[in-house]
Amino acid sequence: MKIAAYRLIFLAGLIALWWLASTMVERNLVPSPWATLLAARQLIAEGRLGGALLDSISIYLGGYAIAILVGIPIGLIMGTMRTLGKTLEIFVYALSATPRVAFIPLIIVFLGLGAQAKILIIFLGAVMPILINTYAGAQNADQELIEMARSVGARRRRIFGSIILPGAVPFILVGLRVGATIGLINTVVAELYTAVKGLGGLLAIYGNTFRMAEYFVIVLTLAMIGVIVTEALRFLETRLGRWRRSDVVV
Amino acid sequence: MIVSNAPLQHGTTGGPETAPHRIVLDGVCKTFGAGDKAAGTVALKDVNLSVRDKSFISLLGPSGCGKTTILRIVNGLIKPDSGKVLISGAEPRPGPNMGFVFQSFRLIPWSTIRGNIEFALVESIKDKAERQERADRYIDLVGLSRFANAYPSELSGGMRQRVALARALATEPDILLMDEPFASIDAQTRELMQLELMRLWSARQSVALFVTHSVDEAILLADQVVLMGPRPGRILEVIDVGLERPRWKYDIRAEKRFIELRAYLWDRIRTLVLTDPESDFYGRDLGNGS
Ligand SMILES: Nc1ncnc2c1ncn2[C@@H]1O[C@H](COP(=O)(O)OP(=O)(O)OP(=O)(O)O)[C@@H](O)[C@H]1O
Ligand SMILES: [Mg+2]
């Protein structure tokens, strides 16, 4: 609980700095916290923030969910089938090193500017860290535990279910967290590049028209989504990691 | 000298002379890590060993002489490069019929102690309640009832080793393979566990292969002590202990036979370690018991 207090103090410090910046920077490029709050109230009252949020979150969660459904199974298969994994990994690494925003024009050509294109862009961003971390987790399975399981007569299916998969969970969760962050980034990117909608759309509108208070509201909303998603995943991590000693930092 | 067998070609060990051979190793060789260029480590070279039913065998020898490798081959976890292995007349196959206490406990960190023991019972006991009952009985046997719901990370090293022992015992196997099962248990608990193991073994009369670095422990528990040497790993000698059972009924350490055996084995091992050019302690002057 001490931590919560320190965090609040730090937050207060940040807001103070923000306020200071708003008084010093010229041309009203930085809105004051108070102006931002007023803008937020107005945006909420007009229903614009809610609408944009719903737009963004639905494509974000859509793309992210597909990334999970694709990334985890492929990672597990690659990690348990050695030859297949070794064959494919170089292609996976190559693809993950390619900036996937490079595909956006191509995606627009094929899918247009609608939700499908956005979901694909988010999917492409989120799937790689999920896949690669899952792969690493399955590959790093504890060989000694696997041998122990073989010695008590466990077959492949049980070895997978009770040794390899649970052993990979911490890796998978890291992948989910990184994937969630990249997915969020790609949500905004997708909304900026395709049909200007959602939070990314508002960002573009307010940014181009120098309505900085509104602009800040959107940025803060995005930050909030990021915090909520990663904190939820962190919570899941501690729940699933109860077997760890409490003095181990997670 | 009381020790009869000179280096044996075919070490036959066993309790009752009439019992059939439960474990037979015939000309077993195993080399690790031999590649196109690398020569590899010869872990076992031409190992012959026949173990009679209902006998307790201690494997004794310097580090790296292939003790763990023998247990893994007997369990069927790895195959020898050449030679024959027969367990009850058949190919070795891992399963609840053999219990293995690993040198490095190998507990599942995300399972409770009870879960860890039940893990070994899944193949042999289908009924859940019965499985838990059996697990709890063996947790109690190693004195860890209070920790049945704890996770391995909450236990000390010695406690974890006892869980590993309980897991191997719980399937009530015909063959028990134990790789230094008491190495990290404190002296008092160790004596208790040795006693408990002797009791269990004499009640069930299964075959036990017991790896240890402690000469005392090797003699105390076994019908036969198998002395092994390193580089290449091989059996040097099989020695009948010949001390009366049950051994907890008298002070075995005071017996003349025990003292002689102990002195002999110590001497052999010391010579092995000090004359092996690859040993970490080659050529040190520790020879005269000073
Ligand atoms: N998986 C492996 N890969 C490569 N070399 C191995 C492997 N397992 C064992 N060895 C080698 O084989 C030899 C025998 O190993 P083993 O583990 O059987 O020895 P040990 O008698 O059990 O030793 P210790 O008393 O130290 O446990 C050693 O030289 C070891 O380096
Ligand atoms: Mg060993």
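Naming: A, B, ... by sequence-line order, numbering from 1 per chain.
Counting heavy-atom neighbours within 6.0 Å of Phe110(A) CZ, excluding the residue itself, gives a total of 12 or less. Heavy-atom contacts from other residues, nucleotides or ligands closer than 6.0 Å to CZ of Arg93(B) number 12 or fewer. Taking a 6.0 Å sphere around CD of Glu89(A), one finds it holds more than 12 heavy atoms contributed by other residues, nucleotides or ligands. In the displayed structure, Phe160(A) atom CZ is contacted under 6.0 Å by more than 12 heavy atoms of other residues, nucleotides or ligands. Heavy atoms from other residues, nucleotides or ligands lying under 6.0 Å from CG of Leu11(A) number more than 12. Environment of CZ in Arg137(B): crowded, with over 12 heavy atoms of neighbouring residues, nucleotides or ligands closer than 6.0 Å. Heavy atoms of other residues, nucleotides or ligands lying less than 6.0 angstrom from CD of Glu91(B) number 12 at most.
Checked by atom type and distance alone, the side chain of Arg158(A) pairs as donor or acceptor with a backbone atom of Phe119(B) at under 3.5 Å.
Summarising the geometry, atom OG belonging to Ser151(A) is positioned 5.5 Å from atom CG belonging to Leu77(B); distances are rounded to the nearest 0.5 Å. Remark: Glu144(A) CD to Leu107(B) CG distance equals 11.5 Å, nearest 0.5 Å.
Interface with chain A: from residues 121-132 of chain B, residues Val122(B), Glu123(B) qualify, criterion being any non-hydrogen pair under 4.5 Å.
Ranked by heavy-atom pairs under 4.5 Å with chain A, the list Arg106(B), Arg167(B), Met98(B) is led by Arg106(B).
The nearest pair of heavy atoms linking Ile108(B) to Ile163(A) is CD1-CD1, 3.9 Å. Taking each heavy atom of Arg150(A) and Pro94(B) in turn, the nearest pair found is O-CB, 3.1 Å.
You'll find the side chain of Phe100(B) stays beyond 4.5 Å of the side chain of Glu147(A), heavy atoms only.
There is no contact between Leu240(A) and chain B, counting heavy-atom distances below 4.5 Å.
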